[in-house]
Amino acid sequence: MDRIVAANELSFRIGFTGHSGHLRIEPLPPVERDTPLNSIPDFILPPAFPKETPESIKEYIKEKYLLPQLDADEFSPEKAGRQWEFDWFERAKILPDPSLPRSVVVPKWEVPFRRQRDSLDNGVWEPKSEERDLSELTVGADDSGALPRIVGPPKDFVRGSINNRPFRPGGLDDSPSLGRVVPDGATNGEWVKEVLNGGPAQTAPPSFKQGPDLGDLQGRHSCSWNIYEDQSAVTNTVESELSVQFDDLFKKAWQDDVTEFIGDGHTSELQSEAEQLTSVKPEPLQVEAEVNTSEVVNEGLETETSVLDEILSVEAEGSILRLDGDNGGARQENEGWAVTGGSEVFVERFHDLIPDMALTFPFELDPFQKEAIYHLEKGNSVFVAAHTSAGKTVVAEYAFALAAKHCTRAVYTAPIKTISNQKYRDFCGKFDVGLLTGDISLRPEASCLIMTTEILRSMLYRGADMIRDIEWVIFDEVHYVNDVERGVVWEEVIIMLPRHINFVLLSATVPNTIEFADWIGRTKQKQIRVTGTTKRPVPLEHCLFYSGELYKVCENEEFLSHGFKVAKDVHKKKTTSSVSGGTSLRPGSSTAADRGRGQRRDNSSQAKQHKHSGPQKFGNFGAGWGTQSNGPGQNVMGLRRSEASLWLTLINKLLKKSLLPVVIFCFSKNRCDKSADNILGTDLTSRSEKSEIRTFCDKAFSRLKGSDRNLPQIVRIQSLLHRGIAVHHAGLLPIVKEVVEMLFCRGLVKVLFSTETFAMGVNAPARTVVFDSLRKFDGKEFRQLLPGEYTQMAGRAGRRGLDKTGTVVVMCRDEIPYENDLKNVIIGTATRLESQFRLTYIMILHLLRVEELKVEDMLKRSFAEFHAQKKLPEQQQLLMLKLAQPTKSVECIKGEPAIEDYFDMYSEAEKYSHQIAEAVMQSPVPQQYLTTGRAVVVKSQSGQDHLLGVVVKTPSSNNKQYIVLVLTPELPSTLETSSDASNRKDQKTAEFQILMPKSRRGYEDEYCSSVTSRKGSGVVNIKLPHRGNAAGMNYEVRGVDNKDFLSICVKKIKIDQVRLLEDVSSGAYSNAIQQLLGLKSEGNKYPPALDPVKDLKLKDVNLVEAYYKWNNLLQKMAQNKCHGCIKLDEHMKLARELKRHREEVNALKFEMSDEALQQMPDFQGRIDVLKEIGCIDADLVVQIKGRVACEMNSGEELICTECLFENQLDDLEPEEAVAIMSSFVFQQKETSESFLTPKLSQAKKRLHETAIKLGELQAQFKLPIDPQEYAQENLKFGLVEVVYEWAKGTPFAEICELTDVPEGVIVRTIVRLDETCREFRNAAAIMGNSALYKKMETASNVIKRDIVFAASLYITGV
């Protein structure tokens, strides 16, 4: 090391010693002498590698390349059993030859009556075989866009991945966004003409932003050349030919490219259809414009020709693509896609048509079941509409059997998780079944999968490879599409499914089944076979229960007025004979005392075992039909006793008539619990049934922990079940609900108090159904039941094979409903299927990420736009006809036509005149100026030229109109005279007007410059309208209303009213006309108008501005050369026709464009919001923030995404993070007050501010969103404390004491919260946030325990 000299001449040196690098300081003598030791370094590194020898090199090569060994990292014991991918073809040095197309031998199905008799051997038909290309059998299965799709990793086979592209939706083959898009620069010959004219060659292909970088070649070689003059003639010839033929030439080439994929059998049809489309062109458009035609007409024809050719070419391509479709893709537009009828043939020859059924049934099938099975065998999609318990599940089972027979897959989707679990149990013994829900994944490799509709939508958006194998998708409870919140999911799935998948749609009876099926068929471009039945397998009889008796009011779908009248008479007798009876209440009304009692009763029911949800806490007492309207002095205990006696009377009545078991529908969770508690002394089970119930409950609840078995709800439900009574609503624990459902299906529960969800989610028919009330709270208001809702619940009455009839009872306490209202509910028309389609941010982001399906295409194919899109072919034909109409040219005698500008000014002025006519002319101030002699501008009767005039007489008692003298520009053939000509001495005509000397003129003919002093009688001696000619101008005297005045001028003139109206003096008319002509200044036709502010005293700013604009337009019209033209009327009519034609064409184009879609404004606003927050860029490319938002399915996607990107969960522990996340999935609005830690309170405040900010941003972009409501609807912090304590390990019984939320809602929220944790974990992986990833894994693990995640009894069995 170099010598270091200190200030005091004490030198030293620093060195490193040893492998650890310790510092060493050595003092040096004043004079350093040269010694050999100074050249030795202080630290010598040991050799990095051992010395190589020939033996060591040989050993290394042998171990590295010659000896076979496994990778220690990949084949470690920790990774035993894992699978990993290895592409042997990429590692191979010699690429293998391309494999030949795969083909299989498949049996050829034939209709039984077409089979050869020789092939029948002992009654067994041997089908013929044929070789088919495998690609034909799996057409559309691997179709996911313009680029080929590769198979993803095995872990994403079922659920898919955000990195996958979805499969191309079926029915979109003719969509311009998905089809072969012809670039604009490739279809015309402009670039060829430019090159032939000597222009530079294009380096960027059409529709490309930039071309290849030529580097040095670009400077060395010239890209242009010269055209010599002697070849100009040839060039011009070629150019003229190109201008005519290039469009057809290039479009023909593109169409030929498309038709390569169409078989020879369709070629002739395609050519004939193309010839028909070409023949539609009108003759004037098939020939070039003649030389003698005017330039205007020539340009119009060229424009029409190009537009018409474009429309025809698009229609031709559409017809080509439809020929390539399947299942009737080439159907004509006037035919419906929903096919009905023909069931008689299928029923009679069912076994001949289907000799080898994929699944046999131990009972005789109904006609609609046979028809549906026949269409399934033919590979057609079916829509089955039938009542509850009619046997629609048979069709679903046969689809499962066909999938197993064809070695494909079938998917069964249900709207509710309970239905999925129950169907899994029902199908387990028959088929190879798997289950996929938000928290359960059982045997996803099975051929028959049961899942919720949301899971299927996620698989479609994420491009799961399992979609390739699906042959059937079964939609159960299709009428659930009317659900406001989740109905949009059904429409999304139907639109997104690929074309190789067939539909099986099961629905209750709805009035517009054909319409809905037609929409699906038109959307998917395949026929939908509609079948079903309106006949109930078990007929129903409807009764009213009043005063302890049953009165039958409906039977066999016919209303019995006699039975209703009997019940009404009994009610009248009871009300009239009552001593203390008060005023009878109208059905559907309630007194304040009733409402007060209901509120007091609910306030007293805050016990933990009787918890209920907020919106339903008012109960159904006093909510309508079936109200309890006793005296105000009755207390709560008395009310309970009356309720108990009422239920006991009903149950005893049903028991005597053998009408048990019964389902009693109460539209409130609290109402169900109260009603069950009111019949504590009732015992409906025998000893053997009690023993069976006790054994079943012990087995079911044995899987719970000791503390969970003693929960108040479980203890209470067991005591009810032992007596044959049960309740069923959303507030119950999932395992308790399943126990109740299973015991009811076994017939051990005799009386079940349930909410509406039991009719939707559980297939458990009863002998009788009772309605506690015919009114319900739908989340917003109390309303009557809809006929569809009543039919759905009433359909649970009547067990097929056990009961001859089912009984439906409507409870009537002190009131009988009106006959019309009752009739409408019982036999009224069911609710129509209506679209609930709405745009969501996650839908927009998925579609923008896909790029295979535009958002506009999704909107077009929604059920809401069905009728508008159905009219598109007619509108397209109408547009072609209007464009093909020859246009008329305006031949102006004054040079260049200016009639269009004049007509535009006239139309705008007319619009302003209508606006100010009522506001200005009807006000009292302008009336003061409309006096005799005031110059005015009057609207002409022809409506094309305004007239200058003067007020001659104001309205009177005899005449309500103003009498005005106006100047008319037109030249009449004859001048009309007064009707009182006999009273006049000299009657003149237009042909003979002689100017007499002044000495011989009469008094009446004298030109007077002043108003006569003679007072008139007020009589009008002329017949209105009176026309004449004076001073070289035509005039007319007419009656004018206030609305006909267009302007009040500043000037006034002196007129002689008596001589004009009574004496009809020509001199007076000439004098008045000359004064009017003298009012014109500076070439303007009209004198200036009164100032609207100073004179007319107008205060409205908009009216003042409109008034000024209107007067300016009048001045411009007067200066136009068309003003006063003799052909003005003719040209105005022509201009009006041309404008109407343009408006009709533009209106048709708008209706056919994407801008006419109903939700287009909402879409534009949401796009702006996504751009503002950074989810997409200006080119609509999804950014990383948008990809994270695509993972958010549980909560509001924008709030969840902003929460992650603002790192709001980083400073929270896993327990705190999962507690705050519960606000995304919790649904109940009103809860008891919770106590949060300071850290949780800060996180809650921060998240709420984020939601407010997002709400204000959306409101800024014109979305109908209130920021406060947006935050309240999407963030509910009622269970933050409960989830926090649960994550910390607190027992379930203790956390239930922290809130009034029912136990079932708590469990459902925590289960959904686990799914939210998985979504946040996937989002953290996309963001690259490993700390958040681990935190979400920990949070998911701490909440997975005990009763919350107890396995379903339907899945594990009892």
Side-chain angles (χ1 to χ4, degrees), residues 438 454 457-458 483-489 613-615 779-780 836 838-846 1162 1165-1166 1168-1170 1172-1175 1185-1186 1188-1209 1212 1216-1231 1234 1236 1240-1283 1301 1305-1306 1308-1320 1323:
E454 283 79 3
R457 179 184 63 172
S458 176
D483 185 75
V484 177
E485 295 295 329
R486 300 173 57 200
V488 60
V489 181
S613 59
K780 297 180 181 179
Q836 302 296 334
R838 68 182 188 279
L839 280 174
T840 59
Y841 289 105
I842 193 169
M843 180 197 304
I844 295 174
L845 289 171
H846 273 303
D1162 184 57
R1166 291 179 183 270
D1168 294 337
V1169 172
L1170 292 175
E1172 184 70 21
I1173 64 178
C1175 289
K1185 201 171 186 179
V1188 169
C1190 289
E1191 293 286 346
M1192 304 302 167
N1193 294 308
S1194 300
E1196 213 283 333
E1197 50 268 25
L1198 294 188
I1199 302 178
C1200 294
T1201 304
E1202 289 297 320
C1203 173
L1204 289 178
F1205 277 85
E1206 291 177 358
N1207 299 321
Q1208 296 188 14
L1209 303 179
L1212 302 179
E1216 297 170 334
V1218 74
I1220 286 295
M1221 290 164 57
S1222 66
S1223 61
F1224 296 135
V1225 295
F1226 182 50
Q1227 298 295 328
Q1228 187 168 313
K1229 295 181 180 179
E1230 299 178 6
T1231 58
S1234 57
L1236 305 180
L1240 285 176
S1241 299
Q1242 181 65 25
K1244 172 185 175 182
K1245 179 181 178 182
R1246 187 169 50 195
L1247 188 60
H1248 186 267
E1249 291 176 352
T1250 300
I1252 293 293
K1253 180 181 64 177
L1254 289 173
E1256 293 174 349
L1257 179 64
Q1258 296 176 77
Q1260 177 183 348
F1261 287 103
K1262 310 301 181 183
L1263 291 178
I1265 291 177
D1266 181 74
Q1268 292 294 337
E1269 294 181 0
Y1270 174 77
Q1272 293 175 3
E1273 291 177 359
N1274 295 288
L1275 293 178
K1276 299 180 178 64
F1277 300 95
L1279 285 186
V1280 174
E1281 181 188 10
V1282 173
V1283 175
V1301 179
V1305 178
I1306 296 175
R1308 189 165 61 251
T1309 300
I1310 298 178
V1311 170
R1312 291 191 61 193
L1313 193 55
D1314 177 60
E1315 184 178 356
T1316 307
C1317 290
R1318 289 199 303 270
E1319 295 171 358
F1320 274 53

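Remember, it's a predicted structure, so these values are computed and weren't measured experimentally.
- At a threshold of 4.0 Å, the pair R1246-E1206 does not count as salt-bridged, since none of the basic side-chain nitrogens sits closer than that to a carboxylate oxygen.
- Among all heavy-atom pairs drawn from L1240 and A1219, the shortest one is CD2-CB, 4.4 Å.
- One finds the CD atom of Q1272 at 7.5 Å from the CD1 atom of I1252 (value rounded to the nearest 0.5 Å).
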Tell me, with the steps shown, if Q836 and D483 meet side-chain contact (heavy atoms from CB on, under 4.5 Å). CA-CA 7 Å; Q836 302 296 334; D483 185 75; 6.0 Å; no
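- Closest non-hydrogen pair, C1190 versus H846, comes out as O-NE2, 3.6 Å.
- L1254 has its side chain within reach of E1202: a pair of non-hydrogen atoms, C-beta onward, lies under 4.5 Å apart.
- Using a 4.5 Å heavy-atom cutoff, the side chains of F1277 and S1223 are in contact.
- Salt bridge status for K1276 with E1230: absent, with no side-chain N to carboxylate O gap under 4.0 Å.
- For the pair K1244 (side chain) and I1220 (backbone), a donor-acceptor distance under 3.5 Å is absent.
- Heavy-atom minimum distance, V1283 versus S1222: CG2-CB, 3.8 Å.
- Distance check: T1250 OG1 to K1245 NZ gives 12.0 Å after rounding to the nearest 0.5 Å.
- Contact detail for A1271 and A1251: the closest heavy-atom pair is CB-CB, 3.8 Å.
- Of the inter-residue distances, the one linking N1193 atom CG with E1319 atom CD reads 5.0 Å to the nearest 0.5 angstrom.
- Rounding to the nearest 0.5 angstrom, the gap separating the CG atom in L1279 from the OG atom in S1234 is 8.5 Å.
- Within the 4.5 Å cutoff, side-chain heavy atoms of F1226 are placed close to those of V1301.
- With hydrogens and angles disregarded, no donor-acceptor distance shorter than 3.5 Å links the side chain of Q1258 to the backbone of I1265.
- Between V488 and M843 there is a side-chain heavy-atom pair separated by less than 4.5 Å.
- By the 4.5 Å heavy-atom criterion applied to side chains, K1253 and E1249 are not counted as neighbours.
- Panel note: side chain E1197, backbone I842; a donor-acceptor pair is recorded below 3.5 Å.
- Remark: R1166 fails to qualify as a cation-pi partner of F1261 under the 6.0 Å distance and 45° angle criteria applied to the six-membered ring.
- We find that E454 and R486 are joined by a salt bridge, their nearest charged nitrogen and carboxylate oxygen being less than 4.0 Å apart.
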Please walk me through it: do V1225 and I1310 pass side-chain contact (heavy atoms from CB on, under 4.5 Å)? CA-CA 9 Å; V1225 295; I1310 298 178; over 6 Å; no
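- The two residues C1175 and L845 have their closest heavy-atom pair at CB-CD2, 4.2 Å.
- If you take CZ on F1320 and OG on S1194, they are separated by 8.5 Å, rounding to the nearest 0.5 Å.
- Inter-residue side-chain proximity for L1209 and M1221 is flagged as met; some heavy-atom pair is nearer than 4.5 Å.
- With contacts defined as side-chain heavy-atom distances shorter than 4.5 Å, the pair I1199/L1247 qualifies.
- The distance from the CD atom of Q1227 to the CZ atom of R1312 is 5.5 Å, given to the nearest 0.5 Å.
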Take K1262 and D1168 through the side-chain contact (heavy atoms from CB on, under 4.5 Å) test and state the conclusion after the steps. CA-CA 10 Å; K1262 310 301 181 183; D1168 294 337; over 6 Å; no
Starting from the C-alpha separation in whole Å, work towards a yes-or-no answer on side-chain hydrogen bond (donor to acceptor under 3.5 Å, both in side chains) for E1196 and Y1270. CA-CA 10 Å; E1196 213 283 333; Y1270 174 77; 2.9 Å; yes
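- Between T1309 and Q1228, the closest side-chain pair of non-hydrogen atoms is not below 4.5 Å.
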